[in-house]
Undergrad: 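Take a look at the following structure, please.
FYI, the numbering just counts along the sequence from 1.
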Amino acid sequence: MTVIQDMIRETLEEEGNEDLLDYISEGDGEAIDDVEEPVSLDYSFPCTVFIYNLPKVGKEKYARLMQIVGNRIDQHGTSEKCMPINETTGKTDGFVIVTYDAPEMADRALRFFDQLILDKNHTLKSVMMDQFEEIVSRREEFEPQRVLKHFSRVALRDWLGDEKCREQILLRHHTETEVYWHDPMAGLPVLCYGGEREKAMKKVWCDWLVQWSPWGSYLATFHQQGIAIWAGPTNSSNDFTKKMRFEHQNVKFIEFSPNEEFILTWNGSPASEEDNQAVQIHRVLTAEVMWKSRTPGVAPLGGEFPHVLWSHDGQYFAEASTDGTIRVRDTETFKLIKDEGGKKKSLKYDGLHTFQWSPKDNTIAVWTLEKDNNPARLVLVQIPSRVELASRSRTQVEASMHWQSEGDYLCLLVTKILSKKTNKKGATNLEIFRIRQRNIPVDIVEVRDTVRGFYWETKGSRFAVLTTDDAGHRPKLLIYSLGQEKCENICSLDLPSNSFNNFFWAPDGQYFVCAAIGHGDLLFGGLTPDNKLEILHKEEHFMLTEVQWDPSSRYVITAVTQPMQNETGGFRYSMEAGYAVWTFQGRLLHRAQKEKLFQVSWRPHPPSMLSPERQKDIRKNIKTFSKRYDALDDQLKEAARSAFREERQQKTSEFQSVLDRLEEFKDQRMEENGWGEAWEKLQEDQGWVKNQVTHEEDLDITEELISSS
């Protein structure tokens, strides 16, 4: 302590403050432990409320305003009120400070006055006085804080790492929603997850429909309050976990953007209702509502849905109205794209009938109908530049557009109308636009029969056409191939039944299923690399309503599904509801009846990360790559055979043990009742004699000449 006193004296003498030396304490002072803690001041105001956004009045209206506000303030307890008048303006500053006798009174007043509507121009707000310093000391520049929920996408594709390379099947039947592994070695689907966690918690996993996202990352379930998305299984669990919820009452249809960044929901309200909440676009990761709209007046693809079409990369979306306007918006600002002059404008086409995005480019194909003296037109428009890449005009026709999966070709299926009064039609032309070539040349293929359907080969340059004669009979399958210079018919097949009405290419092309939707006939076939047609198998699935290839092109599901509750046509399919799984050659792997089967679908795959050259190399050397998997398949088959043999042996042994016990019981009873001796005596009295006869017969004789060496 003496050392400290000496240091203080030296400092005061150096600074010339010797007169302060008399105030320095002498002695060692009190011990630290004996010193009382300093008194701390309480700076809080738990009973004081700051109410603002009041009218600013002068002295003549001060008493009236204080009376009106004071009556409401006094409803919550005894208080002191302060509403100062600004000396500069001569008016109040629009606030009042109220101090109650107890914090509970202040809490009640805080809740009462916050958002209280005093009149049409004044909605009051209130805060505790303790918050006042924090509010007034905020920075001038706004710093947004992230308050939205989000989730990780790390494990969304764990299911693709399945050691057995199994696909997944989604079933929605009765009140169940189930995801199965398709295990051909096991002989039947293996349950992955069926909402066991939700059942244990007495919750419902899904209220209505279910739907996979385009890359299979999410499973969307429909509920009255909106949509929930789930993901799973992971490497550590077979469960599906909820990732996000999107609030939108009574959603009827949804559609993910192709890149799974957004989800569009529609509540089913017609355009005439002008419901501004009918269509909503949500960001998948955060559930933010990015865009809202009433139901557009046109569904470009026909039917009830969709009204909004996404570009292939999810960068743009477009809608159309009945006046021929196409509105294209980007997914960064969700505003109309700008024209060359920088103005936000829509696209306008008189007589607009439909439009479609290219599957691989930001290009829109527009088809307009004949109107007044203007012919029907096909227009290809580039987005966002609005440059017209091509335009073709036609008169007295009806047409439909069909994009090839890679966006390399566009087919305009044009049927000549000979008479508008009788609706008599002439020949059909297939106009094939070669999008990748300079000036977009067109190949024209004439089909004299009635065209029932047009189907591009997936990832290929071939297409199939189903035709009938004018009476709707004599169905044919025609397959064409687009070469470098021309389009030629490579094969033709007379279909065995007039019921064939649809055609399904495998996701990787080459193989196909020709089906009779609503009837049941199935025709499995394929094309060789040199364009030869092979019919692999003919089968039937009575009253089938759906045919779907799995993403790997190895398996096909056919199903009879029925509409959901309150939809028409449910009873018709109720007796046949079920599904079947086939190989691509048409061999049946599994068939199951499912009561009230509403939906069945394969889980989609994300785009391959391999380059086209690498994929081509793998297909070329598929035998080399398949050896490893063939060996694994052989091991699994042998394991399955061993398990089957063991199970059969176990059941046989169990049955034999039952027989042995019965035999033992029989012998015991015969001995106790004398039946054994009686039976032997009966045999002796019969006089039967046992004779053994051997009969030999030559089944085959072969003579060989053996030369001596």
Undergrad: Do you see a donor-acceptor pair shorter than 3.5 Å between the side chains of Gln382 and Thr363?
TA: no
Undergrad: Taking everything shown except Arg474 itself, do over 12 heavy atoms lie less than 6.0 Å from its CZ?
TA: no
Undergrad: Is any NZ, NE, NH1 or NH2 atom of the basic residue among Glu398 and Lys416 found under 4.0 Å from an Asp or Glu carboxylate oxygen of the other?
TA: no
Undergrad: In terms of side-chain geometry, is the basic nitrogen of Arg554 or Glu167 positioned less than 4.0 Å from the acidic oxygen of its partner?
TA: yes
Undergrad: Between Glu261 and Arg153, is there a salt bridge with N-O shorter than 4.0 Å?
TA: yes
Undergrad: Identify all side-chain donor-acceptor contacts of residues 498-511 below 3.5 Å with residues at least two apart in sequence or on another chain.
TA:
from, atom 1, to, atom 2, distance (Å)
Asn498, ND2, Gly472, O, 3.1
Ser499, OG, Ser497, OG, 2.7
Ser499, OG, Asp521, OD2, 3.0
Asn501, OD1, Ile517, N, 2.8
Asn501, ND2, Ile517, O, 3.2
Trp505, NE1, Tyr455, O, 3.2
Trp505, NE1, Trp456, O, 3.4
Asp508, OD1, Lys459, NZ, 3.3
Gln510, NE2, Leu527, O, 3.4

Undergrad: Going by atom types alone, do Ser346 and Thr325 pair a side-chain donor with an acceptor below 3.5 Å?
TA: no
Undergrad: Aromatic rings Phe454 and His402: how do their planes relate, parallel, tilted or perpendicular, breaks at 30° and 60°?
TA: tilted
Undergrad: Are any of the side-chain nitrogens in Asp617 or Arg614 under 4.0 Å away from the carboxylate oxygens of its partner?
TA: yes
Undergrad: Heavy-atom count check: over 12 atoms from other residues, nucleotides or ligands less than 6.0 Å from Lys486 NZ?
TA: no
Undergrad: Could you tell me whether Asp408 and Arg436 have a side-chain N and a carboxylate O separated by less than 4.0 Å?
TA: yes
Undergrad: Compute both the distance and the angle, then confirm whether Arg587 meets the cation-pi test with Trp582: under 6.0 Å from the six-membered ring centre, within 45 degrees of the axis.
TA: no
Undergrad: Are His282 and Phe262 close enough that their ring centres sit under 6.0 Å apart?
TA: no
Undergrad: What I want to find out is whether Asp470 reaches Lys424 closely enough, with some N-O distance under 4.0 Å, to be called a salt bridge.
TA: no
Undergrad: Taking ring-ring contact (aromatic ring centres under 6.0 Å, His included) as the definition, give me every residue that meets it alongside Phe317, ordered by chain and number, with sequence neighbours left out.
TA: Trp291, Trp310, Phe334
Undergrad: Test His605 against Trp159 for ring pair (Phe, Tyr, Trp, His ring centres under 6.0 Å), laying out the working first.
TA: CA-CA 10 Å; His605 284 190; Trp159 73 278; 5.7 Å; yes
Undergrad: Please report the shortest heavy-atom distance between Leu412 and Ala399, naming the atom on each side.
TA: CD1-CB, 3.8 Å
Undergrad: Of all the heavy-atom pairs spanning Val210 and Arg172, show the shortest one and how long it is.
TA: CG2-CB, 4.0 Å
Undergrad: So, for Glu485 and Asp443, which heavy atoms are closest and what is the spacing to 0.1 Å?
TA: O-OD1, 4.0 Å
Undergrad: Looking at Glu546, Glu576, Gln599, which one forms a side-chain hydrogen bond (donor to acceptor under 3.5 Å, both in side chains) with Thr561?
TA: Glu546
Undergrad: Within the distance-only criterion (no hydrogens, no angle test), does the side chain of Asn267 pair as donor or acceptor with the backbone N or O of Ser269 below 3.5 angstrom?
TA: yes
